[in-house]
Amino acid sequence: MAKSIPEFSTHATCYSHGNKSSYATPSNCFIHFTTSSRTTLLSSNLNVPRSSSIVGSSALLTHTINNNINAKICKFCEVGNIRNAMELLRTSKSSELELNTYCSILQLFAENKSLQEGKMVHSIISSNGIPIEGALGAKLVFMYVSCGDLREGRKVFDQFLNDKVFLWNLMMFEYAKIGAHHESIYLFNKMQNLGIAGNSYTFSCVLKCFAAVGKAGQCKRIHGNVLKLGFGSYNTVVNSLISAYFKSGGVESAHKLFDELIDRDVVSWNSMISGCVMNGFSQDGLEFFVRMLVLRVGVDLATLVNALVACANIGNLALGRALHAQGVKGCFSREVMFNNTLLDMYSKCGNLKDAIQVFEKIGQTTVVSWTSTIAAYVREGLYDDAIRLFYEMETKGVRPDTYAVTSVLHACACSNSLDKGRGVHNYFRKNNMAISLPVSNALMDMYAKCGSMKEAHLVFSQIPVKDAVSWNIMIGGYSKNSLPSEALKLFAEMQEESRPDDITMACVLPACGSLAALERGREIHGHTLRNGFSSELHVANALVDMYVKCGSLSHAQLLFDMIPKKDLISWTVMIAGYGMHGFGNEAIATFEKMRAAGIEPDEISFTSILYACSHSGLLNEGWEFFNSMKSQPSFKPKLEHYACMVDLLARTGNLSKAYSFIETMPIKPDATIWGALLCGCRIHHDVELAEKVAEHVFELEPENTGYYVLLANIYAEAEKWEEAKKLREKIGRRGLKKSPGSSWIEIQGKFAVFVAGDTSHPQAKDIDSLLKELRMKMKSEGYSPKMRYALINADDTVKEVVLCGHSEKLAMAFGILNLPPGRTIRVTKNLRVCGDCHEMAKFMSKTTKREIILRDSNRFHHFKDGSCSCRGFW
DNA sequence: ATAGGGTTAG
């Protein structure tokens, strides 16, 4: 998270490009050096009386007067009388003033932080023709830096060559303080090139900077330097080394240094606790804390704060409370930082009440207190309270920072409230708040999570320099909001403009999955291998899921088996994969293996296994899983679980059982539940029940055209043309439009999309004649086309034409025409496959000796040698 | 005259 500091970054750019015209180049320094050596001669004339007798006596007189003036100014400085000191300085002649006098007055202004007066002295020095160098130059720099004008201080610093380590340290330290670590490192390197040896301060500072910019290798190098120069026993330096190693992941090196350190002070111990905590070893950190107590090392505020963070991370509420008590005893309970950490600890340990109590008792709040409390409310799902607190903070005069802003946006995202999110965004605009990169990212994330990719993109398009997070949020947002083509498009753009990381992979792979874009998915798989991302668990899981959804179950299985430490997601993805492809028994075996591996299923893995049972018609097994879930007190079956059971009962022909199951549900059934039964009515041709069920469905979701079509089809299949027609007219009257069925096939990374009756395709003629030929063959081999699916009350010839025009048939035929013999044909359809197409696919797989994998909106159908893996369960 | 450890989000 680099803060942008324009004035310093321009420096850095100049230096790194070796720009000769920059005022800070060594050659420029040399010019200043030579000019000033000339004036050094002049200035020494001021203080050394000449030897000539006549001139000499007057010079002596001048000298005495000068001394008086200089002494007077110094006296004024001593007592802090700025006005008189300045007055005297201004009215005195240049020749009367000594360098020391300037120094004393600059020192005073440095201590008083009087920048304006300091600047005046600077201009007097310049107009008096005094060269800026040596002690005076150093003092001038010190004045500017002390007064907070680092930029002006740097200008003076660059004007002369100096070898004062203190001054270099000062500059480095100031840059480090404002986060300009690179600038600090630049100065360190320059110092080394000039042959100026650093001291312990130098190394402490530069180690911090290297750690901050993530240069672990440099820390090692500096470590060597430190030992060579004999700072290996300096406490401050070793402590800096320890924390630098920790910050760059060198946990072992840090521990080794600590073990070898003889004089450990409280900072050494604190560094160990914080280092362990930041590397995810909170328990180890707490052990260092306990060792401190045993050895009676004094504990300070930082110790308690670090230990509290450790407790928060591992949820150790008991120790957290003990630390609270210890803090009160040690009089830290007035410290804001202590209270902030404390309230965060309570919240993270699941104790909102105590967290709020700490917050309400804090005498003095900072933006951190508010942010932590906002996050505490979000943790408990109290999003409105969190948002309210954000606005309340403003009325208390606390200005929100990046953390506060991202937290409140997260609250909006979690509450799934686009209006509240927009409200916060408007609040930023009204208050002219700077929208930094992290804030833009949080805004995009909020809009994406609330489903408005349009607004997310608007924010995205206004970011001048995007980082990987920005791209990932957009790509993942498109994937999650069912805009997979947009996700893939943006991923391609990202590859041109930025560096995709492991998270990018996990964001873009689901898009391949939802498009069944196997070739693109394979490409991205290659990308993860080349970049070493595939060892990341979330990437591996995403890959398995992608192969499952792209219909390549064997690849999914292969990758799944290769995951060394599978988590709940890995298992759930594979169980769902087996289910979707109709391998119910494999899904069950995998579920049992997961339990044997000590991983307990959650609600989602139960949904997956129940669907797997339903897709394979495993009625008894499904009941068993459903009952075992109900027997666990921590689980309450949700709507989706009931939907699976209804689906399972209905598919297996237990329609009336399904009906009574719905009636006895403890929660109110929604349209999906009734819809599952309606679907079963279609499979088992129960028109009477279908009408009864449809009433429920239409009442719950009157706008969803899919259900009207479903009932219309049930009528048509029963050849009840009048009813079908009425229903279709009803749809028309309501202005509802059926979402058109479409199918697509990916060939060489490009998608060919077909809609029913499409004749615009360049190969339409070939496709048509191939389908006609297949139909003839089918007929001659005794297949009768399933006229029912034409759903038009016309004579059979017309029906046959319409049947041939179904999008999945077109896509399959296109695949046969364009893919080399023997290659598997993979087709995806946005709706459920039609019965006649299903029959024809079986036939196609036999006569063309091709494997056809058809994914519909519900599951996969593998057609091979004239049969389908679904065995009729669809 | 300059230092090392310390709170909040995603």
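By convention in this document, chain letters (A, B, ...) are assigned in the order of the sequence lines, proteins followed by strands, and residues within each chain are numbered from 1. Note that this is a predicted model, so its numbers are computed, not measured.
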Visitor: With a cut-off of under 6.0 Å to the ring centre and 45° to the axis, is A:Lys466 in cation-pi contact with A:Phe460?
Guide: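 Cation-pi check for A:Lys466 and A:Phe460: passes.
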Visitor: In this structure, how many angstroms lie between the P atom of B:dG4 and the CZ atom of A:Phe231, rounded?
Guide: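 It is 16 Å, rounded to the nearest whole Å.
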Visitor: Could you tell me whether A:Arg379 contacts a base, only the sugar-phosphate backbone, or nothing, with contacts defined as non-hydrogen atoms closer than 4.0 Å?
Guide: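 Contact class for A:Arg379: sugar-phosphate only.
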Visitor: Please report the distance, rounded to the nearest Å, between CZ in A:Phe289 and P in B:dG5.
Guide: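 Distance check: A:Phe289 CZ to B:dG5 P gives 20 Å.
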Visitor: Give a yes or no on whether a donor-acceptor pair under 3.5 Å exists between the nucleobase atoms of B:dG4, that is its base, and the side chain of A:Asp265.
Guide: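 Answer yes: a donor N or O sits under 3.5 Å from an acceptor.
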Visitor: Nearest whole Å is fine: how far is B:dG5 C1' from A:Lys247 NZ?
Guide: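 Value for this atom pair: 8 Å.
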Visitor: Could you state the atom-to-atom distance from CG of A:Leu342 to C1' of B:dT7 in whole Å?
Guide: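 In whole Å, B:dT7 C1' lies 11 Å from A:Leu342 CG.
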Visitor: How would you label the contact of A:Phe173 with the nucleic acid (heavy atoms, under 4.0 Å): base, sugar-phosphate, or nothing?
Guide: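 Contact class for A:Phe173: sugar-phosphate only.
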Visitor: Send over the distance from A:Ile242 CD1 to B:dA3 P, rounded to a whole Å.
Guide: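 Computing the A:Ile242:CD1 to B:dA3:P distance gives 20 Å.
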Visitor: How many whole angstroms separate atom CG of A:Asn313 from atom C1' of B:dT8?
Guide: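 Between C1' of B:dT8 and CG of A:Asn313: 13 Å.
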Visitor: Counting only N and O atoms by type, is there a donor-acceptor contact under 3.5 Å from the side chain of A:Ser248 to the main-chain atoms of A:Ala216?
Guide: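 Checking the backbone N and O of A:Ala216 against the side chain of A:Ser248, no donor-acceptor pair under 3.5 Å is found.
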Visitor: Does either side chain, that of A:Tyr175 or that of A:His182, offer a donor lying less than 3.5 Å from an acceptor on the other one?
Guide: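 On atom types as modelled, these side chains do not qualify, holding no pair under 3.5 Å.
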Visitor: Scan A:Thr406 against the nucleic acid and name what it touches under 4.0 Å (heavy atoms): base, sugar-phosphate only, or nothing.
Guide: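 Contact class for A:Thr406: base.
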Visitor: When you check the phosphate oxygens OP1 and OP2 of B:dG5, does a side-chain N or O of A:Ser243 lie under 4.0 Å from one of them?
Guide: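 Yes, A:Ser243 has a side-chain N/O under 4.0 Å of OP1/OP2 on B:dG5.
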Visitor: May I ask you to say what A:Val305 touches in the nucleic acid, namely base, sugar-phosphate or nothing, with a heavy-atom cut-off under 4.0 Å?
Guide: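 Since only primed, P, OP1 and OP2 atoms lie under 4.0 Å of A:Val305, the category is sugar-phosphate.
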Visitor: Could you check how far CH2 of A:Trp168 sits from C1' of B:dA3, rounded to whole Å?
Guide: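 Spelled out: CH2 on A:Trp168 to C1' on B:dA3 is 19 Å.
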Visitor: Please work out if A:Ser369 contacts a base, only the sugar-phosphate, or nothing of the nucleic acid, heavy-atom cut-off 4.0 Å.
Guide: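 If one applies the 4.0 Å heavy-atom cut-off, A:Ser369 turns out to touch nothing in the nucleic acid.
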Visitor: Check this for me: does any side-chain nitrogen of one of A:Asp384 and A:Arg388 sit under 4.0 Å from a carboxylate oxygen of the other?
Guide: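 No.
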Visitor: Could you tell me the separation between the OH atom of A:Tyr234 and the P atom of B:dA3, rounded to a whole number of Å?
Guide: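 From A:Tyr234 OH to B:dA3 P: 17 Å.
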Visitor: State whether A:Lys208 places a side-chain N or O below 4.0 Å from either non-bridging phosphate oxygen (OP1 or OP2) of B:dG5.
Guide: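 A:Lys208 to B:dG5 OP1/OP2: side-chain N or O found under 4.0 Å.
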Visitor: Looking at the base of B:dA3, is there any donor atom on it, or on the side chain of A:Thr236, that sits under 3.5 Å from an acceptor on the other one?
Guide: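 Such a pair is found, so the answer is yes.
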Visitor: Reckon A:Asn339 touches a base, only the sugar-phosphate, or nothing at all at heavy-atom distances under 4.0 Å?
Guide: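 Touches nothing.
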Visitor: For A:Tyr201 and B:dT2, say yes or no: do the ring centres fall under 5.5 Å of each other while the ring planes differ by less than 30°?
Guide: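 Given the distance and angle limits, yes, they stack.
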Visitor: Looking for any heavy atom pair under 4.0 Å, which part of the strands does A:Thr341 touch: base, sugar-phosphate only, or nothing?
Guide: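 If one applies the 4.0 Å heavy-atom cut-off, A:Thr341 turns out to touch the sugar-phosphate alone, with no base involved.
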Visitor: Per the salt bridge (Lys or Arg N to Asp or Glu O under 4.0 Å) rule, what does the pair list look like for residues 233-256 of chain A, sequence neighbours excluded?
Guide: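 Of all non-adjacent pairs touching residues 233-256 of chain A, those that pass salt bridge (Lys or Arg N to Asp or Glu O under 4.0 Å) are A:Lys256-A:Glu260.
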